[in-house]
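Taking it in order: structure first as structure tokens, then the write-up.
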Amino acid sequence: MSARGGAVQTLYWTGKRLELVDQRALPQRLDYVACASAAETAQAIRDMVVRGAPAIGCAAAFGIALEARRLTEAGSAARAEALQQAFATLRASRPTAVNLFWALDRMQAALAAVAGRSGAEVAAALVVEAQSITAEDIECNRAMGRRGAALVPDGARIMTHCNAGALATAGYGTALGVVRAARDAGKRVSVIANETRPFQQGARLTAWEMVQERIPVTLVTDSMAGHLMQTGKVDLVVVGADRVAANGDVANKIGTYTLAVLAARHGLPFYVAAPCSTIDLAIASGAAIPIEERAAAEVTGFRGERWAPEGVAVANPAFDVTPAGLVSALITERGIVSAPSAAGLRALFD
Ligand code: MRU
């Protein structure tokens with residue numbers, strides 16, 4: 001199986017529709033889901049057709065552009081009202097990744113900049129803004145990768161969690177961008193991919209991306225991480241983020257906190273690679289980051305197969321918060337913040 005155009009493209013603007021790789025079907029099938037409206041895009045985000053903080057932001061931006069295209073013939077008052085409804089629908093799709101809200105804020109600003117223009121002009125401006133958000137994301141990831149690669153020794157065995165790769169972004173990836181850049185710098189690197197229960201982003205998506213590119217990858221279950229660190233089989237950990245609070249606390253896929261504690265116990269570097277669009281200076285600490293609770297069915301079984309007994313109570317928090325004190329460095333496109341602190345993060349925006 002090969003990806004369209006030779007390399008996997010998470011989102012694809014046809015000029016009329018948004019096409020998304022259906023990440024629920026990987027790695028067995030490389031299917032695309034087409035979205036023609038904001039509501040369809042929000043549904044695709046909710047259902048995990050598209051996932052990963054930056055990819056969600058890009059998809060939502062195109063969701064607004066799609067809606068504006070649908071409304072080109074509407075009167076300006078009706079168009080304004082329908083667009084605000086579209087923003088609300090997309091904002092409600094998932095709560096934790098701040099890139100969603102960051103991208104929608106940018107689309108709101110782009111909309112405000114064309115106030116009073118025709119429906120066609122508004123739609124064209126919003127398409128351009130969504131395309132810019134997407135192109136910038138790839139640039140950020142490449143810049144982050146180059147900076148992060150400097151932290152990776154030759155021969156490093158890199159543990160990662162969830163999927164913070166090309167599939168989670170517009171392309172190249174954040175944590176896996178660091179892996180790719182280290183490989184491109186001539187370093188021999190290998191990846192240990194935690195499977196990432198319950199949605200299996202590590203087993204299905206990270207493993208798939210690495211296999212496609214022939215980067216050596218070993219798949220392990222989440223509960224093997226401590227043993228592998230204890231027996232000297234991991235050199236460093238690098239993960240992505242869904243939201244970084246102003247003090248450097250990091251929300252990322254459930255299980256990330258456990259890894260950070262283990263890395264500290266074993267004296268291993270624990271790096272977070274995230275673009276500045278993932279930093280939320282409006283939230284003082286991780287305690288205020290909303291943690292999504294997903295459906296019980298994701299824990300009681302998978303793809304229709306149920307293995308837990310009927311009647312059992314289930315918890316399914318999709319993310320956890322790693323305190324800044326456990327993060328060795330935050331890798332961003334603007335620079336590396338060692339031992340992240342409020343002052344260090346603020347400096348990125350000065
Ligand atoms: O629930 P998901 O798959 O959207 O969670 C994704 C993650 O937690 C990623 O690590 C994070 O979004 C960073 S992606 C570059």
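Remember, it's a predicted structure, so these values are computed and weren't measured experimentally. Residue numbers count from 1 along this sequence. Just so you know, ligand 1 is whichever comes first in the structure, and atom 1 is the first atom listed for that ligand.
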Q | SB check Glu195 Arg197 (cutoff 4.0 Å) | A |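 A salt bridge is absent here (no side-chain N lies under 4.0 Å from a carboxylate O).
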- Are Glu67 and Arg70 ion-paired here, with the side-chain N under 4.0 Å from a carboxylate O?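 Salt bridge: yes.
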Quiz item: Any heavy atom of Arg94 sitting closer than 4.0 Å to ligand 1?
Solution: yes
Report yes or no: does Ala97 have a heavy atom closer than 4.0 Å to ligand 1?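 Not so, Ala97 does not reach ligand 1.
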Tell me: protein heavy atom nearest [atom], and distance?
atom	answer
atom 11 (C) of ligand 1	Asp242 OD1, 3.2 Å
atom 14 (S) of ligand 1	Ala168 CB, 3.5 Å
atom 9 (C) of ligand 1	Asn252 OD1, 3.4 Å
atom 13 (C) of ligand 1	Ala241 O, 3.4 Å
atom 5 (O) of ligand 1	Lys253 CE, 3.3 Å
atom 15 (C) of ligand 1	Thr174 OG1, 3.1 Å

For the 3.5 Å polar cut-off, considering only N or O atoms, please tell me whether [X] and ligand 1 meet it.
X	answer
Cys162	no
Gly52	yes
Arg51	yes

Check whether NZ of the Lys or CZ of the Arg Arg204 lies under 6.0 Å from the centre of the six-membered ring of Phe199 and within 45 degrees of that ring's axis. yes
Distance under 6.0 Å and angle within 45° of the ring axis: does Arg334 meet both against Phe349?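 The answer is yes, since Arg334 meets both limits relative to Phe349.
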- [ ] Would you check, one step at a time, whether the test side-chain hydrogen bond (donor to acceptor under 3.5 Å, both in side chains) holds for Thr206 with Glu209?
- [x] CA-CA 5 Å; Thr206 294; Glu209 283 193 33; over 6 Å; no
Test item: Asp137 and Thr134 side chains (from C-beta on) under 4.5 Å apart, heavy atoms
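No - every pair of side-chain heavy atoms lies 4.5 Å or more apart.
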Ala164 heavy atoms within 4.0 Å reach ligand 1 at atoms 14 (S), 15 (C)
*Hey, which atoms in ligand 1 end up nearer than 4.0 Å to a heavy atom of Gln201?*
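Counting atoms of ligand 1 from 1, those under 4.0 Å from Gln201 are 1 (O), 2 (P), 3 (O).
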At under 4.0 Å between heavy atoms, what of Met48 touches ligand 1? The answer is side chain
Inset, instruction - May I ask you to identify, for Phe199, whether its side chain, its backbone, both or neither come under 4.0 Å of ligand 1 on a heavy-atom basis? - result: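 Neither; no heavy atom under 4.0 Å.
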ask   = Among pairs that include at least one residue of residues 53-108, which meet ring pair (Phe, Tyr, Trp, His ring centres under 6.0 Å), considering only residues two or more places apart or in two chains?
value =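 Counting only pairs at least two positions apart or across chains, the ring pair (Phe, Tyr, Trp, His ring centres under 6.0 Å) contacts touching residues 53-108 are Trp13-Phe62.
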So side chain to side chain donor-acceptor pair (under 3.5 Å) across residues 339-350, not counting sequence neighbours, yields none
*With hydrophobic residues grouped by side-chain heavy-atom distances under 4.5 Å, do Val21 and Trp208 end up in a single group?*
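Same cluster: Val21 reaches Trp208 through Ile, Leu, Val, Met, Phe, Trp or Tyr contacts under 4.5 Å.
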